[in-house]
Amino acid sequence: MIPFNKPYLTGKEAHYMYQAVSSGKLSGNGIFTRKCQQLLEERYGFKKTLLTTSCTDALEMAAILIDTQPGDEIIMPSYTFVSTANPFILRGAKIVFADSEKDTPNLDADTIESLITPKTKAIVPVHYAGVACDMKKIMDIANKNQLWVIEDAAQAIDSYFENVSLGAVGHLSAFSFHETKNIIAGEGGMLAINDERFVQRAEIIWEKGTNRAAFFRGEIDKYGWVDIGSSFLPSEVVAAFLYAQLENIDNIQQRRQEIWNLYQKELQELNNQVRLPFLPEYATNNAHIFYLICKNVEERQELIAYLKDNGVHAVFHYLSLHKSPFYKDKHDGRELPLADFYSDTLVRLPLFKELTNEQVLHITHTIKQFYKGAS
Ligand SMILES: *Cc1c(COP(=O)(O)O)cnc(C)c1O
């Protein structure tokens with residue numbers, strides 16, 4: 001069976017983890033944490049980054065940083081993972097779900113203005129499959145209405161909107177290094193801070209509401225409890241693992257792109273029968289996901305079953321959050337037909353660094369056989 005995902009190891013992880021362990025400093029914010037943060041800041045132009053134990057945690061930090069209050073409204077797509085919404089729910093906010101674009105599962109920026117009320121506090125775009133949302137439109141709307149923009153860039157490492165790295169456009173952004181993402185640490189994440197006003201407080205929230213980080217830099221002579229916060233920082237062992245991955249990012253990305261391009265080339269001929277991923281002009285492709293859009297849920301389930309019979313594990317993705325058991329009674333009742341459409345019709349194909357060309361060709365051949373039988 002060709003798995004949907006297989007975590008890739010560069011070979012340096014254990015070595016760096018051993019270094020971290022033998023250094024005697026295992027807790028967070030040590031040498032490897034700083035090496036990762038520096039590499040990411042320099043490579044992608046974030047003002048400041050803080051490693052976290054997950055993208056979910058980075059979003060929780062963002063929700064605290066913008067002072068989310070009970071009753072505040074946060075606009076985000078319905079077609080996303082629960083972690084986009086939960087951090088704001090935990091602070092008492094109301095989620096206002098937006099529909100997806102016709103051409104991509106990303107939130108449709110043209111629908112945002114009609115969702116803004118005096119209670120709106122922030123917009124949380126999600127760059128699905130690492131493909132940029134229309135950040136120019138979103139930032140213009142946010143600036144005009146004095147809203148914060150927090151990018152859920154969980155899937156968006158090494159991807160760009162025009163010439164700006166995703167995660168460097170909004171005021172704050174969150175990345176994931178979960179084992180299903182391009183760059184992994186098992187569980188891990190990062191908050192990127194692009195607005196100077198958040199830098200100091202972010203470090204405090206990160207370290208349980210204390211000014212410990214400033215103390216260790218020698219900026220103050222004792223540290224104490226100065227704000228709310230939690231334990232958001234990963235241990236040095238996790239940061240050491242992540243550093244091995246980040247050093248190899250070009251290598252990892254190059255192979256993922258090759259696989260993605262091979263899928264695209266081989267499946268192009270099915271263009272009339274099944275929809276292939278669409279890349280807007282302003283977006284680059286980081287090869288996080290290769291997906292197909294089927295005609296309806298029945299065809300999607302038949303295709304997944306057919307692939308399974310032929311030794312291929314392909315999977316669907318999100319179920320609209322506005323229809324989830326937790327939120328359906330809290331949603332304002334608007335229909336979000338495109339979010340539902342992607343919930344029903346999107347299927348993701350295996351994509352991981354060690355997937356071979358032969359395996360890709362087996363998968364694309366199987367898909368062509370499926371559609372030959374169908375037409
Ligand atoms: C993976 C993912 C998350 C959660 O990331 P964790 O690091 O597992 O917390 C959040 N949002 C999106 C869009 C994701 O794909």
Side-chain angles (χ1 to χ4, degrees), residues 55-56 59-60 62-64 66-129 131 133-135 137-152 154-155 170 174 275 278 291 293-301 316-348:
C55 176
T56 309
L59 288 165
E60 282 186 34
I64 295 172
I66 65 163
D67 265 321
T68 308
Q69 297 294 322
D72 284 349
E73 295 177 4
I74 312 289
I75 297 171
M76 66 179 63
S78 175
Y79 191 76
T80 184
F81 189 53
V82 292
S83 289
T84 317
N86 256 330
F88 300 94
I89 295 286
L90 283 168
R91 313 222 70 76
K94 176 175 175 233
I95 308 297
V96 177
F97 287 114
D99 208 356
S100 296
E101 296 178 317
K102 208 162 105 327
D103 292 332
T104 81
N106 285 339
L107 99 170
D108 185 345
D110 290 332
T111 65
I112 292 175
E113 276 189 302
S114 68
L115 304 175
I116 294 174
T117 75
K119 290 183 166 173
T120 307
K121 185 135 209 180
I123 306 167
V124 187
V126 180
H127 306 297
Y128 184 78
V131 175
C133 296
D134 190 339
M135 291 308 290
K137 255 187 213 162
I138 292 169
M139 293 310 291
D140 285 349
I141 293 167
N143 290 333
K144 203 170 100 191
N145 294 279
Q146 292 186 299
L147 305 176
W148 300 113
V149 173
I150 300 167
E151 295 173 70
D152 181 338
Q155 305 174 9
R275 239 176 82 184
F278 176 77
Y291 64 80
I293 309 283
C294 298
K295 274 185 204 64
N296 50 43
V297 68
E298 291 79 19
E299 180 185 296
R300 199 257 312 263
Q301 292 319 102
F316 58 90
H317 211 176
Y318 305 126
L319 302 170
S320 301
L321 293 184
H322 73 286
K323 290 199 168 162
S324 62
F326 177 70
Y327 215 78
K328 64 176 192 285
D329 300 333
K330 302 175 186 69
H331 178 61
D332 54 30
R334 280 172 302 114
E335 296 281 336
L336 302 173
L338 286 158
D340 292 340
F341 174 73
Y342 291 113
S343 299
D344 282 347
T345 60
L346 188 146
V347 54
R348 294 176 292 161

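Only this structure's heavy atoms are used, side chains among them; waters, hydrogens and symmetry mates stay out.
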ask   = Under the side chain to side chain contact (heavy atoms under 4.5 Å, CB included) criterion, do E101 and F278 qualify, and how do the steps go?
value = CA-CA 11 Å; E101 296 178 317; F278 176 77; over 6 Å; no

request  = Applying side chain to side chain contact (heavy atoms under 4.5 Å, CB included), run through F88 and I66 and close with a yes or a no.
outcome  = CA-CA 10 Å; F88 300 94; I66 65 163; 4.2 Å; yes

request  = Carefully, step by step, assess K144 and I141 under the rule side chain to side chain contact (heavy atoms under 4.5 Å, CB included).
outcome  = CA-CA 5 Å; K144 203 170 100 191; I141 293 167; 5.8 Å; no

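Atom CG of D108 sits about 11.0 Å away from atom CG of L336, to the nearest 0.5 Å. Taken to the nearest 0.5 Å, the CG atom of L321 stands 10.5 Å off from the CZ atom of F326. Distance check: I138 CD1 to I112 CD1 gives 4.5 Å after rounding to the nearest 0.5 Å. In this structure, K102 NZ and L338 CG are separated by 8.5 Å, a value rounded to the nearest 0.5 Å. Separation of atoms CZ (F316) and OG1 (T345) is listed at 12.0 Å; rounding is to 0.5 Å. How far OG1 of T80 is from CD of Q155: 7.5 Å, rounded to the nearest 0.5 Å.
Inter-residue side-chain proximity for F341 and I293 is flagged as met; some heavy-atom pair is nearer than 4.5 Å. Side-chain contact check for K137 versus D110: some heavy-atom pair is nearer than 4.5 Å. Within the 4.5 Å cutoff, the side chain of C55 has heavy atoms near those of the D152 side chain. Looking at L319 and S324, their side chains never come closer than 4.5 Å, going by heavy atoms from C-beta outward. M135 is listed as a side-chain neighbour of E151, based on a closest heavy-atom distance under 4.5 Å. In this structure, the side chains of T120 and N145 stay at 4.5 Å or more apart for every pair of heavy atoms. Taking the side chain as every heavy atom from C-beta outward, P105 and Y318 never approach each other to under 4.5 Å. Here the side chains of L107 and V126 are not in contact, with every heavy-atom distance at 4.5 Å or above.
Using the six-membered ring where Trp is involved, Y128 and H317 have ring planes that are tilted, between 30° and 60° apart.
Tested against R334, the residues T111, D99, V96 include a single side chain to side chain contact (heavy atoms under 4.5 Å, CB included) partner, V96. Among the candidates I74, I95, T68, the single residue satisfying the side chain to side chain contact (heavy atoms under 4.5 Å, CB included) test with I89 is I95. Each of H322, H331, K323 was compared with S78 under the side chain to side chain donor-acceptor pair (under 3.5 Å) criterion, and only H322 meets it.
Taking every heavy atom of both residues into account, C133 and P125 meet most closely at SG-CB, 3.8 Å. Nearest approach of Y79 to S343, heavy atoms of both residues: CE1-N, 3.5 Å. Between S83 and P87, the shortest heavy-atom contact is O-CD, 3.0 Å.
Although no hydrogens or angles enter the test, the distance criterion places a donor-acceptor pair under 3.5 Å between the side chain of R300 and the main chain of D344. In this structure a side-chain-to-backbone donor-acceptor pair under 3.5 Å is present from R275 to D103. Formation of a donor-acceptor pair under 3.5 Å by the N106 side chain with backbone atoms of V131 is found in this model.
Checked against the 6.0 Å centroid threshold, Y327 and F97 count as a close aromatic pair.
Other residues, nucleotides and ligands contribute over 12 non-hydrogen atoms within 6.0 Å of the NZ atom of K330.
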